[in-house]
Structures are given as structure tokens and as C-alpha cells.
Protein chains: 2
Amino acid sequence: MSLRYALLALLRVGPLSGYDLQKLFAESVGHVWHAPDSQIYPELKRMETEGLIAGEEQSRGVRGRRRVYHVTDGGDQAFLEWVNGPLEYSRVRDPAHLKAAYLESAGAEARRAFLENHARHHTELLHRWQAELERIRSGRHPMLERRLATTPQSEWARTTAFKEFAYEGLVERAQTEIRWAQRGLQMLEDLS
Amino acid sequence: MSLRYALLALLRVGPLSGYDLQKLFAESVGHVWHAPDSQIYPELKRMETEGLIAGEEQSRGVRGRRRVYHVTDGGDQAFLEWVNGPLEYSRVRDPAHLKAAYLESAGAEARRAFLENHARHHTELLHRWQAELERIRSGRHPMLERRLATTPQSEWARTTAFKEFAYEGLVERAQTEIRWAQRGLQMLEDLS
DNA sequence: CTAAACATGTAAAGCGTTACATGATTCG
DNA sequence: CGAATCATGTAACGCTTTACATGTTTAG
């Protein structure tokens, strides 16, 4: 349900084809909301039939074609309703902590592997998010640049601040997970 | 895919009916993996046809019946493969941080409401998990008690330690989210 | 006798994943 | 001319949610 708002957020900055959108998606919103192409194209179609976006068919070379979408007034309104509306939190469903709770049934090797993997996984995320933060702070973020180009200069600080803030939250979360896993590894040593 | 392992974890301690399981589920594993009854009953059936568990029909009063399930050798093995196997992390999909990244498009009121709600939501989770931790530490946890009853005393410390550890991770995560939201509220003041 | 608790599901719809499928264009 | 990139999907399957659906037993 959030996918369409992620797509609208990108399209609100300017018209894009499904392909461009998908590329841009991967290196911006995709960091907080993954979606494969096979989900993006059908969703764009659905959004068009619902009147949130409109597409124009363009030709590319002799036989090539691409469909460039832009946000309609309805889509803009839907986006604003989403950002201004309440967020519903989904139920807890946490494979890592579920497994952690039953780790005593695992072998010594599997316990260590689990915790090391947890630390590794979140370290990768941490790096990704730190790099993203760096790009935002240094003004080298592709989507943010496009975004600021259509934003009054008086709003630049605010716009950047919210982007930074979002990624800071992700960085802190990753750090918390890494600390937890490392404390777990320490615990394994203490227990043996 | 984790649901069945959560169910197996409970059943491995001792046979239970779908109803008992569902009640126990809500106050133990349900804290890290939510599932409604309408998902539990069909899953039990599927697990039975796959040979992971076996059910015995019991009568209750004149017309009443209940099906009591126990774990088969195959189910036990499947559970051990799960705890000993690698955990696959799902792709990032984070509604709260997605929205946070576009908060500058929201009105001042909606921004504050979002962050306050985020803090409130995670404060509730924090309380739930702290209470759970307290029950684990004081030996008043229903599932853990049943569990320890079938565990050699030499393993009690270890078993309890892993449960504590899992919930500590959840507590720390909730605290991180609350701190983040509160820093965001501070940021709103600073920006205005 | 009535409410709460016991007991067990079905059906439909939505979202997401994975695998499959195809073709055009541009650059070197 | 071949590889990379551009461009767009379909199909099948699985998990989750929500709503609906029904009946029994026990305690007060």
C-alpha cells in the first residue's frame, strides 16, 4: 500500500517513464522501500486506471516506445492525504527476534553464526545508509537535487533536514541491532 | 513461513489444542510474531498433512470436540533445521521511515502528529516488552515455566538467558525509535 | 438461562516474491 | 555484430488481513 506513495513521491518531482522510475527508485526510496520492476510496472498501470497518474506514449527509434507518467491533481491530492494522514503500524513480525528467543535449541555453531550474520547484515545496511546520509549532506543526492530544483530556496533547509532525519533514524536502528548482536556474541562466550 | 516454527516451538514443549495454542501464542511468541486464529487453524491443518505434527481428536462433553496436536519426529527435525539454519533477511520495507523522508510535504500539525504517534507506538511496545522481560526474569512467564519443566536444570540458565536476550533487543530497539522521534520533535521546534 | 469462554474454521482480497518472457536501441 | 542498456510486462504461488460463519460447554 505504500508503494504507490513512494512512486508518487518520485513522480511529483517530474515526469518519468516506468524504466527511469525503477532506476531512480532503486537508488533513492528503494533504500527504505524495496520493490522489483515486476511490481512497479503493474502498479503504475493500476495507478493510471485509478487516475492518480497519467501516461503519455512516446516513441523511441523506429519500433521502440516508452510511457512517460506524470502526477495528476488527484494523485497529488492522494499523496498529500497520505503524508498528512495517520500512519498505521503493522503487527509485530520479527523473524530475527523470534529465532533469537529459541536459540538455546540451536547448536553452538549455529548460535554464533546467527549473531554474526545479524551483525553483518545490519553493518551492510548501516554502510548503505551512512553513504546515503553523506550524499544528502554533501548535496550529491540525485533525487534530492531534482527535488530542490523545483522547491523554493527558502524550503531547502527544511527539505534536506527531513531527509537527513529519516536516514539518521535508520543509521541508529542499525547501530542498535549491531550492538545487540555483539552483546549476544559476548554472552555466548560467558555461557560457555 | 516463520509461523509454523513459532507453532512448533510451542508444541515442542507439550501437546496443545488449536485453541490452547492460540491463547498461549498471543501471550508468548505472539509478542514477536503476530498471528490471528484464522491463520493458526489452517496452518495447523497444513502442518498435519505435511507430517510435522499429529492431532488426536478428543471429545468434550456430549457434542464438543477438540483436536490436540503434538510434534512428530519430522516436525522436531524441521524445527531444529530452522533454528540451526541461516536466517534470510527480507528486503527493507519501512513505512515509518518512508513517510519521515517526505514529511516536509506535510503540514506542521501532521508532522508533529506523526512523530508523537511514532513515539507513542514504540512506547507501548517498550512497555509490553519490558513487562515480558520482567516476567522472564522473575520466573513468572507461562511458556517459559512449562519449558523449564521439561528441560534439565543444568540448561535453565542458558534457556532463560536467550529469552532475556531476545527481549532486551526489542527493548533497545523501541528505545532507539523513541529517542529518534523525540529528536524529530525537537527538530520541528528548531526549524520553526 | 445467559454470557463468557471454548472450539474451529471458510472466503475473498491484497500485497509481495520469484520466475519467466520478450523485444528494441545504442555504443563500441 | 555483440553486449549493455532500455523498455515492459505476465503468471503462479504464498503469506497476511479482514470479514464472515458456526456451534458447544461451563460457570454464575
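Each chain gets a letter, A, B and so on, in the order the sequences are listed, and its residues count up from 1.
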Note: contacts of residues 83-93 of chain A with DNA chain D (heavy atom, under 4.0 Å) are A/Arg91, A/Arg93
Query raised in the report: Does A/Trp33 reach the main-chain N or O of A/Ser2 with its side chain, forming a donor-acceptor pair under 3.5 Å?
Result: no
Looking at B/Glu132 and B/Arg135, does any basic side-chain N land under 4.0 Å from a carboxylate oxygen?
-> yes
When rounded to the nearest 0.5 Å, the distance separating OH of A/Tyr19 from CG of A/Asp37 is 9.0 Å
Q. Is the shortest distance from a Lys or Arg side-chain nitrogen in A/Arg183 or B/Glu168 to a carboxylate oxygen in the other one below 4.0 Å?
A. yes
Of A/Leu3 and B/Lys45, the one whose nearest nucleotide on DNA chain C sits closer to the 5' end is B/Lys45
Cation-pi between A/Lys45 and A/Tyr69: NZ/CZ under 6.0 Å from ring centre and within 45° of the ring axis?
no
With a 4.0 Å cut-off (strictly under) to non-hydrogen atoms of chain A, the first and last hit nts on DNA chain C, 5' to 3', are C/dC15 to C/dT25
Is there a side-chain contact between A/Tyr19 and the phosphate of D/dC6, meaning an N or O under 4.0 Å from OP1 or OP2?
yes
- request: Might you work through the salt bridge (charged side-chain N to carboxylate O under 4.0 Å, His left out) test for A/Arg67 and A/Glu57, ending with a clear yes or no?
  value: CA-CA 4 Å; A/Arg67 197 166 180 78; A/Glu57 199 77 18; 2.7 Å; yes
Sorted by chain and residue number, the salt bridge (charged side-chain N to carboxylate O under 4.0 Å, His left out) partners of B/Arg66 (sequence neighbours excluded) come out as B/Asp20
Going by heavy atoms in the side chains, are B/Trp180 and A/Phe165 under 4.5 Å from each other?
yes
Show every donor-acceptor pair shorter than 3.5 Å between a side-chain atom in residues 123-131 of chain B and any protein atom, with sequence neighbours excluded, or say none if there are none.
unit_1	atom_1	unit_2	atom_2	d
B/Thr123	OG1	B/Ala119	O	2.6
B/Trp129	NE1	B/His31	O	3.4

Using a 3.5 Å distance criterion without hydrogens, assess whether the side chain of A/His97 forms a donor-acceptor pair with backbone atoms of A/Ala100.
no
Dot-bracket assigned to DNA chain D with the 3.5 Å Watson-Crick/G-U criterion, [ ] for crossing and | for other-strand pairs, is ||||||||||||||||||||||||||||
Result for 5'-nearest mapping on DNA chain C, choosing between A/Trp33 and B/Lys23, is B/Lys23
Closest to the side chain of B/Gln39, out of D/dT10, D/dC15, D/dT8, is D/dC15
>> Between A/Arg173 and B/Glu172, does any side-chain N to carboxylate O distance fall below 4.0 Å?
In response: no
Is the shortest side-chain heavy-atom distance between B/Arg12 and A/Ser105 below 4.5 Å?
yes
Short N/O separations, protein against nucleotides 23-26 of chain D, under 3.5 angstrom:
unit_1	atom_1	unit_2	atom_2	d
D/dT24	OP1	B/Arg63	NE	3.3
D/dT24	O3'	B/Gly64	N	3.0
D/dT25	OP1	B/Arg60	O	2.9
D/dT25	OP1	B/Val62	N	2.8
D/dT25	OP1	B/Arg63	N	2.5
D/dT25	OP1	B/Gly64	N	2.6
D/dT25	O4'	B/Arg60	NH2	3.2

